[in-house]
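In what follows, every chain begins at residue 1, and chains take the letters A, B, ... in the order their sequences are listed. Scope of the values below: all heavy atoms of this structure, side chains included, with no hydrogens, waters or symmetry mates.
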Amino acid sequence: MKISIPAWRSLKVLQRNLDVWRAHWLSSIIANLGEPILYLFVLGVGLGRLVPEVNGMSYLYFLAPGIMVAAAMNSASYECTFGSYTRMMTQKSYEAILMTPISVEEIVIGDVLYGALKGLFSATALAALLVLIDVIDLTPALLSIPLLFLTGFLFACLSMIVTALSPSYEFFSYYFTLFITPMFLLSGVFFPIDSLPPWIQRVSLCFPLTHSVQIARSLIYEVTWMPHLGSLLWLLVMTSFSLFIAIRLCHRRLIR
Amino acid sequence: MTPIVQGKRLVKRYGEVQALQGIHFSICSGECVGFLGPNGAGKTTLLHMMSGIVQKTSGDLTLLGLDISKQAREIKARIGVLPQENNLDPDFTVENNLRAYARYFGISGKLAQSRVEELLHFIQLYDKRKAKISELSGGMKRRLMLIRSLVNNPEFLILDEPTTGLDPQARHVIWQKLRSLKSSGKTMVLTTHYMEEAAQLCDRLYMIDRGKILAEGKPQELIHRYVGKEVLEIRLRKKEKDRLLERLEGLDFESEEIEDTLYLFPRDSEAVLRRLVEFDVQELQRRPSTLEDLFFKLTGRGLHE
């Protein structure tokens, strides 16, 4: 298995997905933004009245960066599970593409890029809203774009691994209830992880989302990510590793 | 002529199952070659191997002079594949399906546009170019699949059951188009269950069953070699069968009995018929032997399940 660099053929797979998305973009925005907006305002404003301050800021402010990266995680995860599975198994689109000069690795990279872009799109739309209502400033919002993309890309890769192993759509409910949701709740989006029991803190530090949340929070309110260089490296290592595994597993599933 | 596709000692194992057990074949430029055999014979495995989505366990396979296990990308750029199952993009219109597919081959812009229009006219789907896939009939989908496999103007065409499940009209349209591709010099390989399809399209056949090639040759040659020129199909009561065969003693023929029907494959039909004149058979049919007879002769009449 070798990945040709530049893998420009992946862009044709991405282009195919974007062409499909163009037809459904409005419903896709509503589906992807509804939930994070609900979390932000129900919890940020509602619960925020009861919570005086977290880490020296109001609860809505504390919540905003975490909800942004979680939005990237969620959109990318949905796309590269349900969406990719549909393309791989139901519509057999991958098989059709495999009859052309495009290889399995290029298909996987194209699909993962698409998941990452959808994640980025949901998260930046949310960021734009937060800038508009003056919760976050424009400059840090723009600076967080690479992080949102990276978060989306990482979860797209992890989801692709699940998709390559999945016997059916039902399988994804395990992934979401046993992995994505606990991570969403325990990675410092809703409360600082140092308020958790020590052993859960250790688990939490293994979650990629925890690191995204930490970087996001200091990017947005301190306009720096330097204190979290370790977190960034962890995210990059996880991303490369999971992309490699995703490609291997998809190869095994598609080329018999 | 030098073959443009060649397989030597091809083996494919899935765990314990041997899907292909050492297959030799070759296809020359401009030829249309058919692989015939019952379900599970290994036809699709072989075609998947040629299209690069099944890896061979051992043996050699070259297409257009290139090794499939080393130069799959170069090969795929120059071949066209019509898979058994349609896998059109339901989110795109007819023409956008073709355009997206052309893009995978690096064909875009004006070249793609003229290619797509030419193909839509060729298969008579130009008026449907804006239609969604869900609005097409089964025959139209298959026709679209066929021209999709032609977007890169392939030198070699792989057709896995091109007309299975279509009504006779749609089938004949596809046959006619395949014949015109053939006369324009395209090299093709196909699998089919329709003996008429094989007879209409194929210059040469490989009969295949349980992962092995049983026979190879031109359709008519094969029929004459294995079945003879004519078949007598006789329907009669069970107990009369022995009496009938007794009466035919001394004549040169082979016979096969399936349920209520006795098939005779005589060297000389006239001689057999003369002896049967006074015999009370319910129904007797004398007909030229066909590929179907050959198929049954080589692969048996029982279900392969």
Asker: What part of Val54(B) lies closer than 4.5 angstrom to a heavy atom of chain A: side chain, backbone, both or neither?
Answerer: both
Asker: Quick check for you: to the nearest 0.5 Å, what is the distance between Ser108(B) atom OG and Gln15(A) atom CD?
Answerer: 10.5 Å
Asker: Side chain, backbone, both or neither: which part of Phe105(B) has a heavy atom under 4.5 Å from chain A?
Answerer: both
Asker: With a 4.5 angstrom heavy-atom cut-off, is it the side chain or the backbone of Asp91(B) that approaches chain A, or both, or neither?
Answerer: side chain
Asker: Around atom CZ of Phe41(A), are there more than 12 heavy atoms of other residues, nucleotides or ligands at under 6.0 Å?
Answerer: yes
Asker: Please indicate whether Arg13(B) has more than 12 foreign heavy atoms, meaning atoms of other residues, nucleotides or ligands, lying under 6.0 Å from its CZ.
Answerer: no
Asker: Could you name the residues of residues 79-102 of chain A that have a heavy atom within less than 4.5 Å of a heavy atom in chain B?
Answerer: Gln91(A), Lys92(A), Ser93(A), Glu95(A), Ala96(A), Ile97(A), Leu98(A), Met99(A), Thr100(A), Pro101(A), Ile102(A)
Asker: Is Arg148(B) close to chain A through its backbone or its side chain, or both, or neither, when contacts mean heavy atoms under 4.5 Å?
Answerer: side chain
Asker: CZ of Phe171(A): more than 12 outside heavy atoms within 6.0 angstrom?
Answerer: yes
Asker: Testing the basics here: between Arg256(A) and Tyr14(B), what is the closest heavy-atom pair and its distance to 0.1 Å?
Answerer: CB-CE2, 4.2 Å
Asker: Enumerate the residue pairs fulfilling salt bridge (Lys or Arg N to Asp or Glu O under 4.0 Å) with a member in residues 134-146 of chain B, sequence neighbours excluded, ordered by first and then second residue.
Answerer: none
Asker: Closer than 4.0 angstrom, basic N to acidic O: yes or no for Arg103(B) and Asp19(A)?
Answerer: yes
Asker: Please check if the number of heavy atoms outside Lys182(B) that lie under 6.0 Å from its NZ is greater than 12.
Answerer: yes
Asker: Determine whether more than 12 heavy atoms belonging to other residues, nucleotides or ligands lie under 6.0 Å from atom CD of Glu35(A).
Answerer: no
Asker: Does a sphere of radius 6.0 Å around NZ in Lys128(B) hold more than 12 heavy atoms from other residues, nucleotides or ligands, not counting ones at 6.0 Å or beyond?
Answerer: no
